[in-house]
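Have a look at the structure below, then the notes.
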Amino acid sequence: MLTNCKINNFKINAQIGSGAFGLVFHTFDTITHREYAIKAVMKKSQQSNNSDNVDPSIKKSTILETQLYHFFKTYQDTLYLPSVDLDSISNLTDKQLESIPHYREIALHLKVHYHSNIVTIHQVLESPIATFIVMDYYPIDLFTSIVDCKHFTEDGLLIKKVFLQLCSALNYCHERGIYHCDIKPENILLDMFDNIYLCDFGLATTSPYLAPNTCVGSSYYMAPERVLCKDYDNESKFPTTTGDIWSLGIILINLTCVRNPWLKAHQVEDNTFRHFVEDSTVLQKLLPISNDLYFLLSRILRMNPFERINLNDLMKEVEDIISFTLEGSLANVPRISNNNITDKMINPLSLKALLNNYNDELSEEDSNDQYTRSSIRSFSSSPEDTPYHSGADDSIPSSQSKSLYLQPNLSSTTAYSTGGWLPAY
Ligand SMILES: Nc1ncnc2c1ncn2[C@@H]1O[C@H](COP(=O)(O)OP(=O)(O)OP(=O)(O)O)[C@@H](O)[C@H]1O
């Protein structure tokens, strides 16, 4: 609908995503001819302006799409929008973010976007209707790559590479006190060299602990303590880090088995999950996994979040594991060693991160030298994304996931399945 509309020098080519509050567009820079993704995030003021006279079943992103259409038409399809200084967004305090909640996603993302496996934000453009986030564009997400392209079914080293890059990105976030809370294949993008880029910080938080039943994330990937469950008393607090680590366990199953183990980590509503809690070896009946992978998964998917493996140990285990499945191409996988590691494989302190440190040093030396700082920023990101919800509206607890297409093998799950699975993929 907005194809060929322009925002400054970015020409919209197609809409490539729509979530709870945002729309994502594929765009071209008419000056440099580079591709960018632009995410339009609806402003809180726009949401409340419309809440009285709009059918609540209509998705906010649909409302945003209509508003943007009229907005573009008013200005003959071309908007000239001011950019907001990225450092000032990154430095916004929690108190300041309360009055502009849709900036929280951007502020948290900006604190970690220097990592080489996290999508880089280039500009933030402001309009009365929405805020536009200009990011690097990547042509495919991990969901499509696993399910549609079957890209990982034959290559254990490739699985290790993308999984270790994901762990590295997440570790970088956790070390900086940013907890993603929506780790799923749709939020992980891939470039043509199979490097991954984490995106969508819409549910991210800086809270190191969350109350139980804080239903944040996508159901397939959500840790049991985050799913509504009466077993936990409301006085308990659970580490946010290990909730993200649970999601990594599910992604490791997606990568190696092209399946999800259960719909939801809820013992009452999901029979498969209840059987797993009663006897974790059920995983070996559900999935074609090797003993090695079973032992690793049982250290990740611990019911007690305090007992889950930490990220450093997890990375080490994945480097060393020598088989993912019982048979087939993933039954024998190489250890990661100095011989088969490439500098693109796990690259936490990349040029981007190094330049960020340099950027910080410059900031201390001469905070007024904006020209130098912005030059470094553009170079660093050039050539070569409930109760508790930190995004734009507290009433939306979780995000959508396409993962029904990743499902257990029906023949081996009949005894455990809650029903409702689609036929085996
Ligand atoms: N930088 C990017 N390059 C290419 N595609 C992107 C990029 N950022 C996002 N997308 C695509 O757009 C989709 C939606 O983006 P994003 O998850 O940020 O929006 P959202 O509104 O938070 O969605 P949801 O509510 O489903 O989580 C992604 O799943 C991805 O397919």
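Remember, it's a predicted structure, so these values are computed and weren't measured experimentally. Both ligands and their constituent atoms are indexed starting at 1 by order of listing.
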task: Look only at interatomic distance and state if N187 has a nitrogen or oxygen under 3.5 Å from any nitrogen or oxygen of ligand 1.
output: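 Yes, N187 has an N/O under 3.5 Å of an N/O on ligand 1.
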Nitrogen or oxygen atoms of K39 and ligand 1 under 3.5 Å apart: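 Checking ligand 1 against K39, an N or O pair does fall under 3.5 Å apart.
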task: Could you list the residues that satisfy side chain to side chain contact (heavy atoms under 4.5 Å, CB included) with S18, not counting sequence neighbours?
output: Q15, L23, K59, S61
Please identify which atoms of ligand 1 are closer than 4.0 Å to at least one heavy atom of [X].
X: I16; value: 4 (C), 5 (N)
X: Y137; value: 3 (N), 4 (C)
X: G22; value: 21 (O)
X: D136; value: 1 (N), 2 (C), 3 (N)
X: D141; value: 31 (O)

- line: Quick note, salt bridge (charged side-chain N to carboxylate O under 4.0 Å, His left out) partners involving residues 113-135, not counting sequence neighbours, are K43-E126
- request: Ignoring hydrogens, just give me the one of V24, L190, D200, L23 whose non-hydrogen atom is nearest atom 9 (C) of ligand 1.
  value: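 It is V24 whose heavy atom sits nearest to atom 9 (C) of ligand 1.
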- request: Apply side chain to side chain contact (heavy atoms under 4.5 Å, CB included) to N4 and K11, showing your working.
  value: CA-CA 6 Å; N4 291 329; K11 188 170 181 182; 3.4 Å; yes
- prompt: Under 3.5 Å, is there a donor-acceptor pair between the side chain of K184 and the main chain of I251?
  reply: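 Judged by distance alone, no pair lies under 3.5 Å.
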- request: Determine the sole option in T240, D244, T241, N310 for which the side chain to side chain donor-acceptor pair (under 3.5 Å) test with H174 is passed.
  value: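 It is D244; the other options fail the test.
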- prompt: Under 6.0 Å from the six-membered ring centre of Y172 and within 45° of its axis: does the NZ or CZ of R176 meet both?
  reply: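 R176 over Y172 ring: yes.
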